[in-house]
Amino acid sequence: MFSQFALHERLLKALAELNFVEPTPVQAAAIPLALEGRDLRVIAQTGSGKTAAFVLPLLNRLIGDAQPRVSIRALILLPTRELAQQTLKEVERFAQFTFVKSGLITGGEDFKVQAALLRKVPDILIATPGRLIEHLNAGHLDLKEVEVLVLDEADRMLDMGFAEDMQRLVEECANRRQTLLFSATTGGSGLREMVARVLREPQHLMLNAVSDLSENTRQQIVTADDPAHKEQLVHWLLENETYRKAIVFTNTRVQADWLYGHLVAAGQKAFVLHGEKDQKDRKLAIDRLKQGGTKVLVATDVAARGLDVEGLDLVINFDMPRSGDEYVHRVGRTGRAGAEGLAVSLICHNDWNLMSSIERYLKQRFERRVIQELKGSYQGPKNLKASGKAAGTKKKKTDGKKGDKKPAAKAAPKRKPSGLVSQDGLAPLKRRTPPAE
Ligand code: AMP
């Protein structure tokens with residue numbers, strides 16, 4: 001129960017109004033420590049309730065110590081506009097019975113309008129780093145009185161190249177009393193350095209990512225010969241599976257655009273979301289998916305951060321994500337609240353070992369599935385090591401003697417054309433060459 005926390009009655013009233021009854025595990029772990037004023041380093045995924053885990057203690061501090069509004073008292077930095085907008089909504093919902101005011105500063109919005117917002121000095125500023133630095137450089141901003149700094153999805157901000165901007169903004173908040181750093185993954189050396197530099201005697205909370213995978217989500221792999229074959233498989237799955245909403249993940253923006261183009265050309269109603277889409281397109285894609293106007297989103301991980309879409313029950317990994325945490329982050333979106341979910345990863349020769357290491361990380365074996373209509377020639381490695389990875393094939397010695405046979409040409413895949421045709425109606429789609437990553 002939320003009443004177990006020493007939260008201000010106005011916050012408890014908002015929680016009751018919002019039907020928040022039971023704290024999620026991340027909330028149960030983080031809220032008491034954050035209320036004590038501790039610095040926290042929390043690993044938790046989108047959908048875990050992490051936003052409330054930092055917003056409630058933050059609001060509690062601001063209400064408890066009401067001051068005339070002369071300075072920004074809390075800064076929440078996060079990687080994407082969508083996440084920023086969702087976070088603002090969450091803050092406003094919790095703050096509805098208080099006088100705490102919040103403001104949003106992200107790229108893709110009018111600079112002058114934002115400057116006017118900053119002149120009014122919100123208590124809480126929610127911002128993406130790049131645009132906030134521009135305002136700092138323009139002299140629109142003073143962060144010297146910030147008491148609480150939150151770095152949400154810090155791993156993603158670093159992945160997106162915001163390291164320098166983050167560092168500068170952290171330094172601007174020199175008088176802060178509390179820093180809360182959230183990430184979806186354990187991150188790399190960049191994140192470790194940031195944790196060491198930014199947090200003071202932090203409490204580390206690791207909300208077991210693996211347990212985030214719902215038992216209601218079936219996890220399968222389908223082997224594929226090449227990206228063009230993968231594209232046919234995606235199309236088949238979208239046509240033949242039963243689902244309400246689907247996300248197809250690619251590792252790169254170029255692949256996302258390429259796949260989206262082909263799906264649309266083949267008659268699939270879809271949207272694409274990646275870091276280089278402008279604000280309007282991104283809003284449109286997310287709204288359409290949420291409202292059910294489209295069922296299919298092709299997205300990169302960066303773009304899909306913070307997306308909380310109800311009814312998402314099919315995730316297709318066109319590319320295998322690069323880490324186990326990222327896999328959990330993608331697939332953890334399905335099978336929520338008892339619903340059934342399906343996750344299908346498409347595995348080419350060069351995805352195999354990554355897939356196998358993710359299986360080991362998750363301590364589970366993905367179901368091997370064959371789609372007969374599109375069976376290719378690659379069915380996984382011939383020999384496996386004990387780890388599940390492909391065993392190297394020994395090269396045969398050739399001594400160059402006359403009469404040595406050349407190795408037989410590899411048999412062509414038996415796959416039938418799927419019936420998908422290109423826009424010109426001639427070539428099967430599989431012949432198109434995907435872009436290099
Ligand atoms: P987040 O992981 O912060 O993006 O939260 C995911 C969704 O769960 C949001 O829509 C929250 O409003 C909702 N949520 C978070 N905590 C709770 C809770 N304790 N009870 C009910 N809903 C919650």
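Numbering of ligands and ligand atoms starts at 1, following listing order.
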### Task
Establish, from distance only, whether the side-chain atoms of Gln86 and Glu90 form a donor-acceptor pair under 3.5 Å.
no
## Note on the structure
Note: ligand 1 atoms sitting under 4.0 Å from heavy atoms of Thr51 are 1 (P), 3 (O), 4 (O)
### No-hydrogen, no-angle side-chain donor-acceptor test under 3.5 Å, Asp301 and His329
no
### Message
Suppose we call two aromatic rings close when their centres sit under 6.0 Å apart. Are Phe111 and His135 close by that rule?
### Response
yes
### Heteroatom proximity flag, Gly49 to ligand 1, N/O under 3.5 Å
yes
### Query
Side-chain donor-acceptor pair under 3.5 Å between Ser183 and Arg41, yes or no?
yes
### Query
For residues Glu359 and Tyr327, is any side-chain donor paired with an opposing acceptor at under 3.5 Å?
no
### Query
Hey, looking at atom 14 (N) of ligand 1, which of Phe182, Phe20, Phe2 has the closest heavy atom?
Phe20
#### Entry: Residue portion contacting ligand 1 (non-hydrogen atoms closer than 4.0 Å) for Gln86
neither
### Task
Would you mind telling me if ligand 1 is within reach of the side chain of Arg93, the backbone, both or neither, using heavy atoms under 4.0 Å?
side chain
